Amino acid sequence: MTDNRLHYPATARNRDAIVAVLRDVLPASGVVLEVASGSGEHVVHFAQAFPVLAFQPSDPEEAARQSIAAWARQAGLANVRLPLALDAAADKWPLSSAAAILCINMIHIAPWRATQGLLRGAARLLPAGAPLYLYGPFRRAGVVTAPSNEAFDASLKARHPEWGLRDLEVVAALARDHGFSAPAVTEMPANNLSVVFWRT
Ligand SMILES: C[S@@+](CC[C@H](N)C(=O)[O-])C[C@H]1O[C@@H](n2cnc3c(N)ncnc32)[C@H](O)[C@@H]1O
């Protein structure tokens, strides 16, 4: 049998710190949509940490969806759904509601229109009071960007001119325009941030 599981080493390093933040963010019940699930290692870990919630992974890449399905199958979890083909930038998403949305390490590794689509889609799907959780490196006004993040930004831009670290203030303004609260920010290991916007 072919093993389709991808392995992203960073997920093992950041997943418990993310779960610690999610404990104060996720609702008591409902479906949690993950946008850009990648390998699927995060969603399997989250589903184990929050067994009462149902997790809906997604990714536009077929190889990622195969990996997500393989990790979920191997874990034997009843609360991870089959992955959806979801491009955050698209006007239509393949589901119409969610109790929370997670998007980890995507907005800097995709063109800006993916972030715009993410906010548009999250505004459509989430009810008032529901969270949109983002994780990754950001630039912040008045805060010197860590040298490791500057180097990462340069390497992202070398790979694709439309990629790169986003300004937290610009993302927050976009979120506000789509009916979200000001961000609740938690500093995370390795100069990353957890950023939570609440649907108003
Ligand atoms: C660096 S990986 C992060 C994966 C995973 N969230 C993690 O932290 O390990 C970036 C992911 O974003 C996905 N992605 C890129 N553009 C996207 C878009 N427009 N909509 C949704 N996902 C996208 C890629 O397919 C990839 O799986």
Side-chain angles (χ1 to χ4, degrees), residues 1-27 29-90 92-111 114-115 117-119 121-122 125-126 130-137 152 156 159-160 163 186 188-190 192-196:
M1 193 177 101
T2 321
D3 186 348
N4 293 316
R5 287 174 299 168
L6 302 171
H7 177 50
Y8 294 172
T11 56
R13 293 196 296 270
N14 60 30
R15 63 187 189 178
D16 289 319
I18 293 174
V19 165
V21 174
L22 291 180
R23 290 210 181 281
D24 293 330
V25 169
L26 291 182
S29 62
V31 176
V32 179
L33 168 65
E34 187 183 34
V35 173
S37 297
S39 66
E41 292 162 283
H42 273 146
V43 81
V44 163
H45 190 68
F46 301 159
Q48 284 163 336
F50 302 97
V52 298
L53 295 173
F55 285 83
Q56 175 61 72
S58 71
D59 203 281
E61 297 294 330
E62 171 67 25
R65 293 197 300 278
Q66 287 189 13
S67 175
I68 298 160
W71 278 109
R73 203 167 39 241
Q74 192 233 10
L77 295 165
N79 63 332
V80 181
R81 297 183 172 179
L82 286 175
L84 294 172
L86 190 159
D87 175 356
K92 283 197 174 170
W93 287 10
L95 74 173
S96 54
S97 68
I101 298 178
L102 314 177
C103 185
I104 298 170
N105 282 326
M106 182 203 78
I107 70 170
H108 55 289
I109 311 186
T115 306
L118 177 66
L119 268 300
L125 266 60
L126 295 175
L132 168 63
Y133 172 92
L134 307 183
Y135 172 96
F152 186 39
L156 288 169
R159 283 167 67 191
H160 194 299
W163 295 4
T186 308
M188 305 294 279
N192 290 292
L193 298 179
S194 281
V195 176
V196 184

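Positions are given from 1 along the sequence. Below, all heavy atoms of this structure are taken into account, side chains as well, without hydrogens, waters or symmetry copies. Because the structure is predicted, anything quoted here is derived from the model rather than measured.
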TODO: Please say whether more than 12 non-hydrogen atoms of neighbouring residues, nucleotides or ligands are located less than 6.0 Å from CG in Leu95.
DONE: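 Yes, CG of Leu95 has more than 12 neighbouring heavy atoms, counting only those of other groups under 6.0 Å.
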Does the side chain of [Y] come within less than 4.5 Å of [X]'s, by heavy atoms?
X	Y	answer
Asn14	Met188	no
Phe46	Ile18	yes
Ile104	Tyr133	yes
Arg81	Val31	yes
Val43	Leu102	no
Ile109	Leu156	yes
Trp163	Pro111	yes
Leu33	Trp93	yes

Contact summary for [X] and [Y], nearest pair of heavy atoms:
X	Y	result
Val19	Ala49	CG1-CB, 3.9 Å
Asn105	Gly136	OD1-CA, 3.5 Å
Ala114	Ala88	O-CB, 3.7 Å
Phe152	Pro137	CE2-CG, 3.9 Å
Ala122	Leu132	CB-CD2, 4.1 Å
Ala72	Val80	CB-CG1, 3.9 Å

Open item on the list: I'd like to know if the side chain of Ser37 and the backbone of Pro57 have a donor-acceptor N/O pair within less than 3.5 Å.
Closed with: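 Checked: no pair found.
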Task: Main-chain N/O of His42 paired to Trp71 side chain as donor or acceptor, under 3.5 Å - done: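 Looks like no, no N/O pair under 3.5 Å.
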TODO: Could you go through the side chain to side chain contact (heavy atoms under 4.5 Å, CB included) check for Asp24 and Val196 one step at a time?
DONE: CA-CA 11 Å; Asp24 293 330; Val196 184; over 6 Å; no
Task: side chain to side chain contact (heavy atoms under 4.5 Å, CB included) evaluation trace for Glu41 with Tyr8 - done: CA-CA 8 Å; Glu41 292 162 283; Tyr8 294 172; 3.7 Å; yes
Open item on the list: Exactly one of Asp87, Leu82, Leu86 should register a side-chain contact (heavy atoms from CB on, under 4.5 Å) with Ser58. Which one does?
Closed with: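 The residue from Asp87, Leu82, Leu86 that satisfies side-chain contact (heavy atoms from CB on, under 4.5 Å) with Ser58 turns out to be Leu86.
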Task: Identified side-chain contact (heavy atoms from CB on, under 4.5 Å) partner of Pro83 from the options Arg65, Gln66, Glu61, Glu62 - done: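 The side-chain contact (heavy atoms from CB on, under 4.5 Å) with Pro83 is passed solely by Arg65 among Arg65, Gln66, Glu61, Glu62.
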- [ ] Find out whether the Lys NZ or Arg CZ of Arg23 is both under 6.0 angstrom from the six-membered ring centre of Phe50 and within 45° of the ring's axis.
- [x]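 Cation-pi check for Arg23 and Phe50: passes.
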If you round to the nearest 0.5 Å, how far is [atom2] of [Y] from [atom1] of [X]?
X	Y	atom1	atom2	value
Leu22	Tyr135	CG	OH	11.5 Å
Leu134	His108	CG	NE2	11.0 Å
Ser67	Asp3	OG	CG	8.5 Å
Met106	Thr115	CE	OG1	5.0 Å
Asn192	Thr186	CG	OG1	12.0 Å

